[in-house]
Amino acid sequence: MALLRPQASAADPAALLHPPVPAPPDEVADLVGWTLAAQMPGHDEAPVDVVVDDAWDRPAAASTAPCSLRVRAAGATLPEVAAGVEVDLSWAALGGRQRLAATVVEVADDSWELHAGWPPSRVQERRYHRAEARMATWLTRLAATPLTALTRTVDLGAGGLAVERLPALGLVPGEAVAVVLVLPDGPLVATATVVDPGTPQRPARIAFELITTADQDRLMGLVHQVEHGRLW
Amino acid sequence: MPLQEGRPGTVALSVPVWLVGVVAERGWVGTGRTRDVRAGGVALELDEPAPAGVEEGAALVLVVDWGERHRHLARVARIDRGRRAVALMILKPESGHDQVWDGAVAAALAAG
């Protein structure tokens with residue numbers, strides 16, 4: 001499922017102010033036409049794929065607000081449910097799966113109307129939790145002539161990080177790099193592997209390879225601080 | 001990869017190395033050659049004096065070109081006044097290559 005927002009053109013000054021990294025939709029209207037997985041707690045059946053036909057009560061940005069969605073089955077028919085049943089909606093997005101808890105408020109022959117709280121929460125499936133943080137990062141290619149470039153993190157954790165794409169380095173998947181981060185309590189040096197060099201719409205993803213346990217502990221502490229709003 | 005007896009407990013070895021570290025909160029890449037190696041460590045000569053910031057205790061990525069490139073996480077153990085001779089302690093050898101490192105050194109010392 002493509003999750004790309006319209007990108008600013010190169011001539012658009014906004015493209016210079018904001019890195020061309022797609023973000024998950026922050027408005028419920030953006031979900032129209034998407035396929036989501038719907039799971040009903042207490043039902044043993046596998047999640048049913050639903051398509052969002054309509055979405056309204058567009059919430060204000062950065063606030064919690066109710067929203068309404070009308071969904072229909074993407075393939076087979078919708079399971080029979082009564083009004084009041086709770087449904088978990090989830091979809092793949094940058095940085096992990098997004099989850100929206102919803103309640104069925106109206107059941108029609110081929111669709112449900114759902115009420116949900118907005119914004120969605122992020123479901124993390126990684127071994128190490130990540131936090132969104134923008135920090136200067138130096139990457140050095142190790143497989144060929146040393147070449148270093150400065151970039152910024154998109155998110156980071158004890159297992160790796162996502163950084164703004166670095167076309168100048170010409171990274172390829174599986175390539176070894178050295179990562180230099182300057183954390184609030186001092187620098188961190190590690191080796192890492194390029195998982196995904198990224199695209200203009202997607203950040204590069206990098207997994208740590210050689211990192212000391214002490215530095216992993218520092219990163220976990222940093223993630224904890226960021227998540228609790230004590231930094232940035 | 002010619003191995004010769006070096007200082008006591010070490011094996012003389014001269015192969016290219018790179019160091020990647022942090023200087024003044026920025027990434028730094030240095031190049032040089034190993035002078036001798038021992039189990040868990042290496043002494044090397046940098047092509048250029050290490051800048052201020054590469055100090056004893058600093059963590060670095062050490063890339064050794066033994067014919068194939070091996071990456072290790074290392075810490076500066078000693079740095080001389082001229083800032084070109086540096087001794088490193090291997091903190092974390094590249095997976096599977098600690099035996100190459102320590103094994104080669106131990107074998108050469110035993111043979112000597």
Side-chain angles (χ1 to χ4, degrees), chain A residues 133-153 156 158-161 163-164 166 168-169 171-172 174-194 204 206-219 222, chain B residues 15-33 40-42 44 46-48 50-77 79 86 88-101:
Chain A
R134 301 280 175 159
M135 306 179 64
T137 308
W138 284 266
L139 289 187
T140 302
R141 290 187 69 172
L142 297 180
T145 305
L147 187 59
T148 299
L150 173 64
T151 182
R152 288 198 309 167
T153 58
L156 80 168
L161 65 163
V163 298
E164 292 172 6
L166 285 160
L169 281 187
L171 298 173
V172 296
E175 181 168 10
V177 291
V179 178
V180 171
L181 282 165
V182 180
L183 303 182
D185 60 351
L188 180 154
V189 181
T191 69
T193 303
V194 176
I206 292 165
F208 289 129
E209 183 190 34
L210 293 178
I211 182 169
T212 64
T213 305
D215 283 343
Q216 283 191 304
D217 287 346
R218 291 170 63 203
L219 283 168
L222 177 68
Chain B
V15 294
V17 295
W18 308 333
L19 295 177
V20 182
V22 186
V23 170
E25 299 195 341
R26 304 190 64 165
W28 167 77
V29 178
T31 58
R33 296 187 74 84
V42 59
L44 51 89
L46 294 175
D47 295 333
E48 302 284 341
V54 178
E55 308 297 346
E56 292 179 4
L60 300 165
V61 171
L62 167 68
V63 182
V64 184
D65 190 347
W66 303 78
E68 60 179 286
R69 295 187 176 94
H70 294 172
R71 303 176 293 274
H72 310 282
L73 215 52
R75 190 178 295 285
V76 177
I79 185 163
V86 178
L88 300 179
M89 176 176 66
I90 305 299
L91 285 181
K92 235 179 182 180
E94 180 173 340
S95 178
H97 293 302
D98 48 342
Q99 292 171 350
V100 173
W101 183 283

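Here is how names work: the chains are called A, B, and so on, in the same order as the sequence lines, proteins then strands, and each is numbered from 1.
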Subject >> Region of Leu91(B) in contact with chain A, defined by heavy-atom distances below 4.5 Å >> reply: side chain
Original post:
Of the backbone (N, CA, C, O) and the side chain (C-beta and beyond), which part of Leu139(A) lies under 4.5 Å from a heavy atom of chain B, both, or neither?
Top reply: neither
Subject >> Segment of Thr191(A) engaging chain B (4.5 angstrom heavy-atom cut-off) >> reply: both
Original post:
Passes side chain to side chain contact (heavy atoms under 4.5 Å, CB included), Arg141(A) versus Glu175(A)? Steps please.
Top reply: CA-CA 8 Å; Arg141(A) 290 187 69 172; Glu175(A) 181 168 10; 2.5 Å; yes
Subject >> Val182(A) portion near chain B, given a 4.5 angstrom heavy-atom threshold >> reply: side chain
**OP:** Pick one of side chain, backbone, both or neither for Thr148(A), based on which atoms fall under 4.5 Å of a heavy atom in chain B.
**Re:** side chain
Subject >> Arg71(B) and Glu209(A) ion-paired at < 4.0 Å >> reply: yes
Original post:
Which answer fits Val61(B), side chain, backbone, both or neither, if we ask what part of it has an atom under 4.5 Å from a heavy atom of chain A?
Top reply: both
Original post:
Under a 4.5 Å heavy-atom cutoff, which of Val180(A), Leu150(A), Leu181(A), Thr137(A) has the most pairs with chain B?
Top reply: Val180(A)
**OP:** Walk me through it: do Leu161(A) and Phe208(A) pass the test side chain to side chain contact (heavy atoms under 4.5 Å, CB included)?
**Re:** CA-CA 8 Å; Leu161(A) 65 163; Phe208(A) 289 129; 3.8 Å; yes
Subject >> From CA spacing to verdict: salt bridge (charged side-chain N to carboxylate O under 4.0 Å, His left out), Glu56(B), Arg75(B) >> reply: CA-CA 8 Å; Glu56(B) 292 179 4; Arg75(B) 190 178 295 285; over 6 Å; no
Original post:
Where does Val20(B) contact chain A at under 4.5 Å (heavy atoms): side chain, backbone, both or neither?
Top reply: both
Subject >> salt bridge (Lys or Arg N to Asp or Glu O under 4.0 Å) partners of Glu55(B), counting only residues at least two apart >> reply: Arg83(B)
**OP:** Could I get the full list of salt bridge (Lys or Arg N to Asp or Glu O under 4.0 Å) partners for Arg218(A), not counting sequence neighbours?
**Re:** Asp185(A), Asp215(A)
